[in-house]
Amino acid sequence: MIWLRLIDPRLLLDLLFASLLGLLLLGRVTEARTLWLLRGYLFLVALAWFVQRYANLPLTSSLVDALVLACSLALAILWQGELRRLMELLGTGRIGVLFADRSRDQLASGSVSMLTEAAGRLSQVRCGALIVLDLGSDLRPEDFLNPGIRIDAHLSVDLMLNLFAVDTPLHDGAVLVQKNRIVAAGVILPLSRQGLNRYGTRHLAAMGLTERHDGCFCIVVSEETGTLSLASQGRLERPITSSRLHDLLTDALATVPTGRSVSADPPEHRG
């Protein structure tokens with residue numbers, strides 16, 4: 001037991017806290033490529049710490065430090081949206097969101113059919129629409145330019161069509177869907193700076209919100225052409241069919257951080 005006395009308690013606490021932070025970061029990442037990048041970066045950080053503490057190799061230590069710094073700058077550019085979201089959570093005191101079980105906000109599989117049907121019918125009549133699906137970002141009113149009008153109603157196709165009717169005051173805003181409920185309508189989203197000359201306001205709003213919140217998806221219906229689009233992580237997939245929209249939403253629900261999967265609707269229910 002002599003070796004226990006030689007271990008610095010501060011070293012144990014340092015390793016414990018660093019391990020917990022690493023596990024927290026890895027647990028919040030669901031995209032495979034992002035997970036690989038984060039693993040590689042954490043490995044470099046651990047290597048730099050080991051070389052500095054236990055190896056008397058000044059040149060190697062300097063090279064590893066420079067590599068860690070270069071990777072940090074690269075990741076800051078790649079993950080600027082996620083880092084901005086982290087600073088917003090810390091600044092507003094909503095740290096609990098980082099530890100929350102994100103699967104609790106998953107839509108039920110039946111809601112995918114309703115959303116797909118509503119989007120398809122809006123597309124057929126070329127009625128512009130923007131639907132925000134919060135699958136775990138815990139969106140709050142302060143995350144929007146304007147939180148809109150609170151609805152708090154069960155998700156239904158008829159209600160969705162009425163909210164986006166051209167002659168209603170809520171037509172131009174977004175509808176927020178959380179936990180299988182329509183939470184608010186007439187929501188104004190932050191705009192993206194990408195593709196200012198290529199996309200309309202609805203598409204830029206969808207990209208702007210999903211850049212900041214990786215747990216969000218935005219369904220967009222173009223008012224000019226009726227084209228369906230789906231925004232995720234600042235990227236826009238368009239044009240898509242109702243069937244393709246159903247498949248994309250089903251795939252999004254099938255992969256949750258806890259490893260559980262949500263069953264998809266049978267093919268005959270697709271819009």
Completion exercise
Residue set satisfying side chain to side chain donor-acceptor pair (under 3.5 Å) with Asp152, at least two apart, ordered chain then number -> Arg181
Fill in the blank from the handout: Between the CD1 atom in Ile219 and the OG atom in Ser123, the distance rounded to the nearest 0.5 Å is 11.5 Å
Problem - Donor-acceptor side-chain pairing of Ser72 and Tyr41 below 3.5 angstrom - result: yes
Exercise for the section: Check whether any side-chain heavy atom of Glu211 lies under 4.5 Å from a side-chain heavy atom of Gln194, and answer yes or no. Expected result: yes
Problem - Side-chain heavy-atom pair Val183, Val177 within 4.5 angstrom cut-off - result: no
Completion exercise
Residues passing the side-chain contact (heavy atoms from CB on, under 4.5 Å) test with Leu248, sequence neighbours excluded, are Leu230, Glu237, Ile240, Arg244
Problem - For the student: nearest non-hydrogen atoms of Ala129 and Leu122, plus distance - result: CB-CD1, 3.6 Å
Problem - Test item: Ser61 side-chain N/O and Leu57 main-chain N/O as donor-acceptor pair under 3.5 Å - result: no
Practice task
Look up atom CZ in Phe164 and atom CG in Asp172, then write down how far apart they are to the nearest 0.5 Å.
Solution key: 10.0 Å
Problem - Exam field: side chain Ser229 to backbone Pro239, donor-acceptor pair closer than 3.5 Å - result: no
Please table the atom pairs, donor to acceptor, closer than 3.5 Å between any side-chain atom in residues 200-210 and protein atoms at least two apart or in another chain.
from   : atom 1 : to     : atom 2 : distance (Å)
Arg202 : NH1    : Glu223 : OE1    : 3.2
Arg202 : NH2    : His171 : NE2    : 3.4
Thr210 : OG1    : Ala206 : O      : 2.9
Thr210 : OG1    : Met207 : O      : 3.2
Thr210 : OG1    : Gly234 : N      : 3.0

Handout entry: Worked check of side chain to side chain contact (heavy atoms under 4.5 Å, CB included) between Gln52 and Asp65
Key = CA-CA 9 Å; Gln52 289 179 352; Asp65 288 343; 2.8 Å; yes
Problem - Interatomic distance, Leu245 atom CG to Glu117 atom CD [nearest 0.5 angstrom] - result: 12.5 Å
Problem - Side chain proximity check, Val187 to Val175, heavy atoms < 4.5 angstrom - result: no
Exercise for the section: Determine yes or no for a side-chain-to-main-chain donor-acceptor pair under 3.5 angstrom, with Thr168 supplying the side chain and Ala165 the backbone. Expected result: yes
Practice task
Apply side-chain hydrogen bond (donor to acceptor under 3.5 Å, both in side chains) to the pair Thr227 and Thr225, showing each step before the final yes or no.
Solution key: CA-CA 5 Å; Thr227 301; Thr225 63; 2.7 Å; yes
Problem - Atom of Val221, atom of Gly226 and distance for their closest heavy-atom approach - result: CG1-O, 4.2 Å
Practice task
Indicate, with yes or no, if Ile188 and Tyr199 share a hydrophobic cluster defined by side-chain heavy-atom contacts under 4.5 Å among Ile, Leu, Val, Met, Phe, Trp and Tyr.
Solution key: no
Exercise for the section: Please confirm whether the backbone N or O of Leu139 pairs with a side-chain atom of Asp143, one donor and one acceptor, at under 3.5 Å? Expected result: no
Handout entry: Closest heavy-atom pair and its distance - Ala231, Leu236
Key = CB-CD1, 3.6 Å
Completion exercise
For Leu63, the hydrophobic cluster (side chain heavy atoms closer than 4.5 Å, chained through members) also holds Leu59
Practice task
Indicate yes or no: at least one non-hydrogen side-chain atom of Leu133 is less than 4.5 angstrom from one of Leu115.
Solution key: yes
Exercise for the section: Specify the closest pair of heavy atoms between Leu145 and Leu189, including all atoms of both residues, with the distance to one decimal. Expected result: CD1-O, 3.5 Å
Exercise for the section: Side-chain contact test, heavy atoms from C-beta onward, threshold under 4.5 Å: evaluate it for Ile131 versus Phe217 and give yes or no. Expected result: no
Problem - Reported CG-to-SG distance for the pair Asp134 and Cys218, which is rounded to 0.5 angstrom - result: 10.0 Å
Problem - Flag side-chain contact, heavy atom, 4.5 Å: Met114 against Ser111 - result: yes
Practice task
Give, for atom CG of Leu249 and atom OG of Ser113, the distance between the pair rounded to the nearest 0.5 Å.
Solution key: 10.0 Å
Handout entry: Heavy-atom closest pair, residues Leu228 and Arg238
Key = O-CB, 4.0 Å
Fill in the blank from the handout: On a heavy-atom basis, the closest approach of Ser242 and Thr116 is O-CG2, 3.2 Å
Practice task
May I ask you to test the Ile149-Leu170 pair for a side-chain heavy-atom distance under 4.5 Å?
Solution key: yes
Handout entry: Inter-residue atom distance His213.NE2 - Leu135.CG, 0.5 Å rounding
Key = 13.0 Å
Practice task
Output all residues satisfying side chain to side chain donor-acceptor pair (under 3.5 Å) with Arg126, sequence neighbours left out; order by chain, then residue number.
Solution key: none
Problem - Cluster companions of Val125 among Ile, Leu, Val, Met, Phe, Trp, Tyr (side-chain spacing under 4.5 Å) - result: none
Handout entry: Verdict with reasoning, Ile182 to Met160, per side chain to side chain contact (heavy atoms under 4.5 Å, CB included)
Key = CA-CA 8 Å; Ile182 298 177; Met160 193 73 72; 4.0 Å; yes
Exercise for the section: For residues Leu67 and Leu44, determine if any side-chain heavy atom of one lies less than 4.5 Å from a side-chain heavy atom of the other. Expected result: yes
